[in-house]
Colleague: 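Take a look at this one; I'll ask things after.
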Amino acid sequence: MSKDLQETIREVAEKIPGCRYVSLVGYDGITVTQYIIEANFDVSLYDAEVSSIMLASREVRKSLELGIDKELIWLTENSFFIIHPLSEEYFIYACLKSSDSSPGVARITLNKAKPEIKKIIYPESGL
């Protein structure tokens, strides 16, 4: 039996050292699912704001004809964000602690999980 989306997101989050949470979000800013390990803030608000960043990135990419988005990495004083587009509709991202975390493991884990997540979201298309 195949895993469900929530279980898959949980497994991704738990594999990443220093992970605060992992979210699957629509470009409309609405959270599809998330798994929170440690967050003392409203993760859904972060999902909506990261969506704004992804929409702006998409516009720049199209304007400059940069090709397909693969990954966006954003480091702030407090957090490290690894963002992976899944389609024109959804993206997945991990929020890590800015120190004592492993962005490399996050990148690899998100990349490995993308095909499985796409199969769950788009079971008919095989994306």
Colleague: Take atom CZ of R107 as the centre, draw a 6.0 Å sphere, and report whether it contains more than 12 heavy atoms from other residues, nucleotides or ligands.
Modeller: no
Colleague: Does atom CG (D28) have a neighbourhood of more than 12 heavy atoms from anything else shown, all under 6.0 Å?
Modeller: yes
Colleague: Is a donor on one side and an acceptor on the other found under 3.5 Å between the side chain of S51 and the backbone of Y27?
Modeller: yes
Colleague: Working to the nearest 0.5 angstrom, can you tell me the gap between C19 SG and L96 CG?
Modeller: 5.5 Å
Colleague: For S23 and T33, what are the C-alpha separation, side-chain angles and deciding distance, and is it a side chain to side chain contact (heavy atoms under 4.5 Å, CB included)?
Modeller: CA-CA 6 Å; S23 286; T33 189; over 6 Å; no
Colleague: State the NZ-OG distance between K118 and S87, to the nearest 0.5 angstrom.
Modeller: 7.5 Å
Colleague: Start with the C-alpha distance between I82 and E71, add both sets of side-chain angles, then the distance that settles side chain to side chain contact (heavy atoms under 4.5 Å, CB included), and finish with yes or no.
Modeller: CA-CA 7 Å; I82 310 289; E71 177 180 59; 3.7 Å; yes
Colleague: Hydrophobic cluster membership, with links at side-chain heavy-atom distances under 4.5 Å among I/L/V/M/F/W/Y: are V25 and L72 in one?
Modeller: yes
Colleague: I need the minimum non-hydrogen distance between A13 and Y35, along with the two atoms involved.
Modeller: CB-CD2, 3.6 Å
Colleague: Within the distance-only criterion (no hydrogens, no angle test), does the side chain of S57 pair as donor or acceptor with the backbone N or O of I53 below 3.5 angstrom?
Modeller: no
Colleague: Does one side chain, of E89 or Y122, offer a donor that lies under 3.5 Å from an acceptor on the other?
Modeller: yes
Colleague: When rounded to the nearest 0.5 angstrom, what distance separates CG in N111 from NZ in K70?
Modeller: 9.0 Å
Colleague: Between R10 and E14, is there a salt bridge with N-O shorter than 4.0 Å?
Modeller: yes
Colleague: Could you tell me which non-hydrogen atom of P103 sits nearest to which non-hydrogen atom of F80, and how far apart they are?
Modeller: CG-CE1, 3.5 Å
Colleague: Would you kindly confirm whether F41 and W74 end up in one hydrophobic cluster when ILVMFWY residues are joined by side chain heavy atoms under 4.5 Å apart?
Modeller: yes
Colleague: Can you confirm whether K112 is buried at NZ, in the sense that more than 12 heavy atoms of other residues, nucleotides or ligands lie under 6.0 Å from that atom?
Modeller: no
Colleague: For a quick test of reading the model, state the closest non-hydrogen atom pair linking S98 to S79 and the distance between them.
Modeller: CB-N, 3.8 Å
Colleague: Identify the two heavy atoms, one from I16 and one from V105, that lie closest to each other, and give their separation to 0.1 Å.
Modeller: CA-CG1, 4.2 Å
Colleague: Going only through I, L, V, M, F, W and Y residues with side-chain contacts under 4.5 Å, is there a path from I120 to L110?
Modeller: yes
Colleague: Search all heavy atoms of Y93 against all heavy atoms of Y46 and return the closest pair with its distance.
Modeller: OH-C, 3.6 Å
Colleague: Indicate if M54 and V32 have the same hydrophobic cluster label, given that clusters are the connected sets of ILVMFWY residues with side-chain heavy-atom separations under 4.5 angstrom.
Modeller: no
Colleague: If two hydrophobic side chains count as joined below 4.5 Å and joins carry through other members, does L55 share a cluster with L86?
Modeller: no
Colleague: Looking at every heavy atom in both Q34 and V43, which two are closest together, and how far apart are they?
Modeller: NE2-CG1, 3.4 Å
Colleague: Could you give the distance from CG (L24) to CD1 (I117), rounded to the nearest 0.5 Å?
Modeller: 6.5 Å
Colleague: For the backbone of D4 and the side chain of T8, can you confirm whether one donor and one acceptor N or O come within less than 3.5 Å of each other?
Modeller: yes
Colleague: Drop me the distance from N40's CG to R20's CZ, to the nearest 0.5 angstrom.
Modeller: 7.0 Å
Colleague: Could you tell me the separation between the CD1 atom of I36 and the CD1 atom of I9, rounded to the nearest 0.5 Å?
Modeller: 12.5 Å
Colleague: Check this for me, if you would: do E88 and R61 make a salt bridge, where the nitrogen-to-carboxylate-oxygen distance has to be below 4.0 angstrom?
Modeller: yes
